[in-house]
Number of protein chains: 2
Amino acid sequence: MTNTVSLLKEHNLRNTEARVAVLNTFMVQPHALSHGDIEREVGEQFDRVTIYRTLTSFMEKGLLHKVPVDDGSTRYALCDHCDHHQHEDNHIHFKCTVCGTTQCLDELPIPQVKLPQGFTLTETNFLVQGVCKGCNG
Amino acid sequence: MTNTVSLLKEHNLRNTEARVAVLNTFMVQPHALSHGDIEREVGEQFDRVTIYRTLTSFMEKGLLHKVPVDDGSTRYALCDHCDHHQHEDNHIHFKCTVCGTTQCLDELPIPQVKLPQGFTLTETNFLVQGVCKGCNG
DNA sequence: GTTTATGCAAATTCTTTGCAATACT
DNA sequence: AGTATTGCAAAGAATTTGCATAAAC
């Protein structure tokens with residue numbers, strides 16, 4: 001089963017209330033979340049600092065990855081195929097310019113890139129901006 | 001001629017010392033810069049707040065665009081073909097995980113994406129991470 | 001002369017750190 | 001029991017705002 005508790009265990013993270021709450025937020029929300037987003041969601045129950053540290057732990061254990069955005073916020077999304085050695089985040093992120101949310105378009109693979117001589121690749125991120133289905137409807 | 005002063009004029013920005021200095025930094029540096037980067041460069045001469053406001057003005061007038069990164073900093077790069085109606089930033093950004101700089105790989109075009117039904121596209125950004133030529137050398 | 005930009009001070013917001021108390025395994 | 005996590009306080013960055021002065025057009 002792939003519920004919150006077992007996901008934590010699989011990633012060598014202790015099962016605590018705060019972690020379950022934060023992880024749950026990611027599983028319910030379909031888009032990339034910032035610290036602020038999560039604080040708004042579960043902030044009544046847990047300290048701001050705990051949320052910061054939870055996000056850091058999740059990153060380190062390969063449960064979350066950072067999503068590149070252009071507004072100066074740090075945003076995270078659930079890893080699909082990441083482990084704690086390497087983050088692999090091979091799908092397109094879509095940021096809606098109307099509602100401001102960033103979501104993962106898992107269906108669409110990122111096209112290959114051929115870098116110039118001398119460059120080594122470890123990770124690719126594709127961010128597309130526009131208007132999402134909901135806001136276009 | 002495409003020097004700093006005329007670039008400012010073309011974008012309806014008053015010619016001031018601070019703006020020339022900030023714009024110059026972008027023209028000299030080949031990669032995406034944060035507020036902090038610029039402050040380190042010209043910070044002795046101008047107030048921190050002035051630099052913030054300069055970056056904002058440059059954005060509004062279509063001289064700079066934001067570059068998506070995943071470290072929670074806001075980074076800017078010179079627009080090539082942007083105007084103040086729409087930002088167009090059609091090349092790949094490369095972030096070196098060793099030296100930490102982000103540069104534009106102007107030669108490489110961004111591949112086309114076909115979005116799902118209902119999505120409208122206005123801008124695409126491709127961020128590649130790895131090790132750059134200099135750090136591999 | 002009118003409009004816009006700057007510097008300074010101060011307020012907000014964001015993020016990190018230390019440490020004692022608590023909870024997990 | 002032993003180790004990791006939490007909350008609180010506090011420090012440190014990053015960013016924004018108001019207002020009087022100065023500079024650009």
Side-chain angles (χ1 to χ4, degrees), chain A residues 3-25 32-64 66-76 84 100, chain B residues 3-26 32-64 66-76 84 100 102:
Chain A
N3 58 23
T4 22
V5 175
S6 53
L7 251 185
L8 289 173
K9 189 163 291 181
E10 282 169 28
H11 287 83
N12 285 308
L13 288 158
R14 286 193 177 177
N15 172 7
T16 70
E17 270 192 73
R19 286 175 177 179
V20 170
V22 171
L23 183 49
N24 242 313
T25 311
L33 302 174
S34 67
H35 173 271
D37 293 335
I38 294 157
E39 199 182 358
R40 247 164 268 129
E41 202 69 31
V42 304
E44 299 289 301
Q45 315 167 59
F46 306 103
D47 195 273
R48 194 186 296 108
V49 177
T50 300
I51 299 173
Y52 276 112
R53 291 197 268 227
T54 300
L55 291 171
T56 304
S57 306
F58 282 9
M59 270 283 300
E60 289 169 355
K61 297 297 169 62
L63 198 48
L64 294 180
K66 291 188 180 177
V67 176
V69 291
D70 65 2
D71 65 350
S73 68
T74 308
R75 293 186 171 274
Y76 303 86
H84 53 108
Chain B
N3 59 22
T4 22
V5 175
S6 52
L7 251 185
L8 288 174
K9 189 162 292 179
E10 283 169 26
H11 288 83
N12 285 307
L13 288 158
R14 287 194 176 177
N15 171 7
T16 71
E17 271 191 72
R19 286 173 176 182
V20 170
V22 172
L23 183 47
N24 242 313
T25 310
F26 278 100
L33 302 174
S34 66
H35 174 271
D37 294 334
I38 294 158
E39 198 181 359
R40 249 163 267 128
E41 201 70 30
V42 304
E44 300 289 300
Q45 316 166 58
F46 306 103
D47 195 273
R48 196 185 295 108
V49 176
T50 300
I51 299 173
Y52 276 112
R53 290 197 267 226
T54 300
L55 291 171
T56 304
S57 305
F58 282 9
M59 270 282 299
E60 288 169 357
K61 296 298 168 64
L63 197 48
L64 295 180
K66 291 187 181 179
V67 176
V69 290
D70 64 2
D71 64 351
S73 67
T74 309
R75 294 187 171 273
Y76 304 86
H84 53 107
T102 300

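Protein chains get the first letters and strands the later ones, always in sequence-line order, with residue 1 at the start of each.
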Is there any protein nitrogen or oxygen under 3.5 Å from a nitrogen or oxygen in nucleotides 16-22 of chain D, and what are the pairs?
from: D:dG18; atom 1: O6; to: B:Arg53; atom 2: NH2; distance (Å): 3.4

Atom pairs, N/O to N/O, protein against nucleotides 23-25 of chain C, distance under 3.5 Å?
from: C:dC24; atom 1: O2; to: A:Arg14; atom 2: NH1; distance (Å): 3.1
from: C:dT25; atom 1: OP1; to: A:Asn15; atom 2: N; distance (Å): 3.1

Measure the distance from [atom1] on [X] to [atom2] on [N] and round it to the nearest whole Å.
X       : N      : atom1 : atom2 : answer
A:Leu55 : D:dT6  : CG    : P     : 11 Å
B:Phe46 : D:dA23 : CZ    : C1'   : 13 Å
B:Glu44 : C:dT6  : CD    : P     : 18 Å
B:Arg19 : D:dA23 : CZ    : P     : 15 Å
A:Glu60 : D:dA4  : CD    : P     : 13 Å
A:Asp71 : D:dA14 : CG    : C1'   : 14 Å
A:Asp47 : D:dA9  : CG    : P     : 10 Å
A:Ile51 : D:dC8  : CD1   : C1'   : 15 Å

Checklist entry - Nearest 0.5 Å, what's the NE2-CG distance between B:His11 and B:Leu13? => result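 CG of B:Leu13 is found 7.5 Å from NE2 of B:His11.
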Next on the checklist: Could you measure the distance from the CG atom of B:Leu55 to the OG1 atom of B:Thr74? Nearest 0.5 Å is fine.
Outcome noted: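 Going from the CG atom of B:Leu55 to the OG1 atom of B:Thr74 covers 9.5 Å.
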Can you list everything that forms a salt bridge (charged side-chain N to carboxylate O under 4.0 Å, His left out) with [X]? Sequence neighbours excluded, please.
X       : result
B:Arg48 : B:Glu39
A:Arg19 : none
A:Arg40 : A:Asp37

Next on the checklist: With a 4.5 Å cut-off on side-chain heavy atoms, are B:Val67 and B:Tyr76 touching?
Outcome noted: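 Result no, sub-4.5 Å side-chain heavy-atom pair not found.
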Checklist entry - Does A:Arg53 offer a backbone N or O that forms a donor-acceptor pair with the side chain of A:Ser57 under 3.5 Å? => result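 Judged by distance alone, yes, a pair lies under 3.5 Å.
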Checklist entry - Using the ring of each side chain (for Trp, its six-membered ring), is A:His35 parallel, tilted or perpendicular to A:Tyr52, with breaks at 30° and 60°? => result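 Rings of A:His35 and A:Tyr52: parallel, as their planes differ by under 30°.
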Checklist entry - How large an angle, rounded to 10°, do the end axes of the helix from C:dG1-D:dC25 to C:dT25-D:dA1 enclose when each is built from five base pairs? => result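 Rounded value for the end-axis angle: 50°.
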Checklist entry - What closest approach, in Å, do B:Ala21 and B:Phe46 show between heavy atoms, and which atom pair accounts for it? => result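 That closest heavy-atom pairing would be CB-CE1, 3.6 Å.
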Checklist entry - Minimum heavy-atom separation for A:Lys66 to B:Asp70, with atom names? => result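 Answer, listing the atom of A:Lys66 first, then B:Asp70: CD-O, 2.9 Å.
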Next on the checklist: Is it the case that over 12 heavy atoms from other parts of the model lie below 6.0 angstrom from the CD atom of A:Gln45?
Outcome noted: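 Enclosed.
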Item to check | Which residue lies more 5' along DNA chain C, comparing B:Gln45 with B:Gly72 via nearest heavy atoms | outcome: B:Gln45
Checklist outcome for this item: Contacts of A:Thr50 and B:Glu39 projected onto DNA chain D by closest heavy atom; the upstream (5') one is A:Thr50
